[in-house]
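Below is one structure, written out as structure tokens, with a few remarks after it.
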Number of protein chains: 2
Amino acid sequence: MSTKRAKLEQREKRIVVAARSVFLKHGFNKAKMSQIADTAELAEGTLYLYYKNKNAIVKAVVADHWQHITGEADRALSASENSFEQLQALAEYHLTMMVKHWRVIELGYVLYYSHSDDAGENSGVDFKRTYAALFDRLIERGQDKGTFAKDLSLPFLRDLFYGTLEYAARTLILHNKPEDIEVNIVQLMNVLRPHLSGETTAQADTDTAVLKRLERAVRKLERLR
Amino acid sequence: MSTKRAKLEQREKRIVVAARSVFLKHGFNKAKMSQIADTAELAEGTLYLYYKNKNAIVKAVVADHWQHITGEADRALSASENSFEQLQALAEYHLTMMVKHWRVIELGYVLYYSHSDDAGENSGVDFKRTYAALFDRLIERGQDKGTFAKDLSLPFLRDLFYGTLEYAARTLILHNKPEDIEVNIVQLMNVLRPHLSGETTAQADTDTAVLKRLERAVRKLERLR
DNA sequence: TTTTCATAATGAGTTTAACTCATATATACA
DNA sequence: TGTATATATGAGTTAAACTCATTATGAAAA
């Protein structure tokens, strides 16, 4: 029994591996089912015994990638206990990964934007969920430890974090400057640091406090003359 | 002669209008050339006299949208002279537009991720260029006026700005909460403000140093009476 | 007004590639 | 070894983008 199931899973895996190489080489639209079949050394019809259609195959390829990536990112985090350092490590890992595996990320978007009604169960972005959850957990831990402010909006921060990094990845790829990854990370952290530690409002408070205190003192001095 | 050219342009326009409605209703993949032809009241073959292929038609639809959008955004900016207010207005306009016209934005991505070699001249993201340039100009003006710090990285800021807003738009659409647009804008501005005006950690340090020094001086004066 | 010519429109026909299904082969089990 | 069940095959079907030989249109010449 275990042999049978193992055999099936092995063949599924083989299709996914073949599909990835073909998709990466040609992109979704130009990748032909016949090529995938050839690469996997199977007949074209056999593919349809394992996956409903072409979309289902990319979905498997992309899901596989995000799952792998989640494991790696999790390990990258455990290198430090400090929440800021963890955040920086996640940002660094994420941006590096995006630049390196951009073609796979793209496949995910093709899937997402194809609006295939067959999608049914999951719409094709679910893999990202567990991955994105790493960020949420990190922030919440930081809040529990008192490193991060309590009044942060998690959804907004998540959008800021991943949105910025994705656009940064696109820019880096467009200008072919993978060496600028570090620069981007430093800047992102500079933007986030004061916000996360709640300095902004606190800072504004001290500013007005300084001003009021100064005004009082000056008025007193003027009266004394 | 002007009549002839006008007639051709009018027909191009008619195709684009028909195509937009069909694409918006069904999405790129499920939109059929035959439907577009029907809607435009033309034969299918006629479409190909005006546009090379399906991709060329979406490209026209998307280009049309970004051009329109650029005009509107520019007008939204001219309401204020203050750089921070202009930035906020742009963010607000952009996010509102993204949420409202998400389907058109999506069409742009389908085009972008299709990797059609026929793309030739422009890769399909060029429309965005002039639009994104509004942001660059705004920042540079702010720097000239001394409102914004000089040592900002424009590419990074641009990625942060548009990346965050796009992800925020996705989140708003996903949870169907268009009323949260304002909340997102306020938060983005809170993050950007200190960074743009150059209030780095060093700044915060000097602030508290000033406060302490001032407190000492004032106490001394008060003791003197 | 009629003829001519160039330009534009048409839709039946071609092509391509995803997907199906009747048939063939392998595998497990008695 | 024989039979039943599961798995694999690839020729055949289908759908939709795109082509092209034919037809319509409309402006200028006769």
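Protein chains get the first letters and strands the later ones, always in sequence-line order, with residue 1 at the start of each. Here the structure is a predicted model, which is why all the values come from computation and not from measurement. Only this structure's heavy atoms are used, side chains among them; waters, hydrogens and symmetry mates stay out.
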- request: State, yes or no, whether a side-chain contact exists between B/E41 and B/D38 at a heavy-atom distance under 4.5 Å.
  value: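 They are not in side-chain contact.
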
query: Can a side chain N or O of B/R11 be found less than 4.0 Å away from OP1 or OP2 on C/dA8?
result: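 Result: no.
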
- prompt: Is the phosphate of D/dT7, meaning OP1 or OP2, less than 4.0 Å from a side-chain N or O of A/Y50?
  reply: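 Indeed not, no polar side-chain atom of A/Y50 lies that close.
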
- request: Check every strand shown and say whether B/L47 touches a base, only sugar-phosphate, or nothing at a heavy-atom separation below 4.0 Å.
  value: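 Here B/L47 touches no strand at all.
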
task: Without swapping roles, check the side chain of A/H101 against the backbone of A/M97 for a donor-acceptor pair under 3.5 Å.
output: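 The answer is no, because no donor-acceptor pair under 3.5 Å joins these two groups.
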
In whole angstrom, give the distance that lies between atom [atom1] of [X] and atom [atom2] of [N].
{"X": "B/E9", "N": "C/dA8", "atom1": "CD", "atom2": "C1'", "answer": "17 Å"}
{"X": "A/D38", "N": "D/dG10", "atom1": "CG", "atom2": "P", "answer": "10 Å"}
{"X": "A/Q35", "N": "C/dA17", "atom1": "CD", "atom2": "C1'", "answer": "11 Å"}
{"X": "B/L49", "N": "D/dT25", "atom1": "CG", "atom2": "P", "answer": "16 Å"}

Establish, yes or no, whether a centroid distance under 6.0 Å links the rings of [X] and [Y].
{"X": "A/F161", "Y": "B/Y167", "result": "no"}
{"X": "B/Y109", "Y": "A/Y109", "result": "no"}
{"X": "B/H94", "Y": "B/Y131", "result": "yes"}
{"X": "A/F84", "Y": "A/F148", "result": "yes"}

task: For the helix from C/dT1-D/dA30 to C/dA30-D/dT1, figure out the bend between the end axes, five pairs an end, and round to 10 degrees.
output: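 Nearest ten degrees gives 10° for this helix.
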
message: Once salt bridge (charged side-chain N to carboxylate O under 4.0 Å, His left out) is applied, what residue pairs with a partner in residues 87-114 of chain A remain, sequence neighbours excluded?
response: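 Pairs touching residues 87-114 of chain A that pass the test: A/R103-A/E106.
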
field: Separation of B/N29 CG from A/H115 NE2 (nearest 0.5 Å)
entry: 9.0 Å

Identify each atom pair where a protein N or O and an N or O of nucleotides 16-18 of chain D are less than 3.5 Å apart, giving names and distance.
residue: D/dA16; atom: OP1; partner: B/K32; partner atom: NZ; Å: 3.4
residue: D/dA17; atom: OP1; partner: B/A31; partner atom: O; Å: 3.4
residue: D/dA17; atom: OP1; partner: B/K54; partner atom: NZ; Å: 3.4
residue: D/dA17; atom: OP2; partner: B/M33; partner atom: N; Å: 3.1
residue: D/dC18; atom: OP2; partner: B/K54; partner atom: N; Å: 2.9

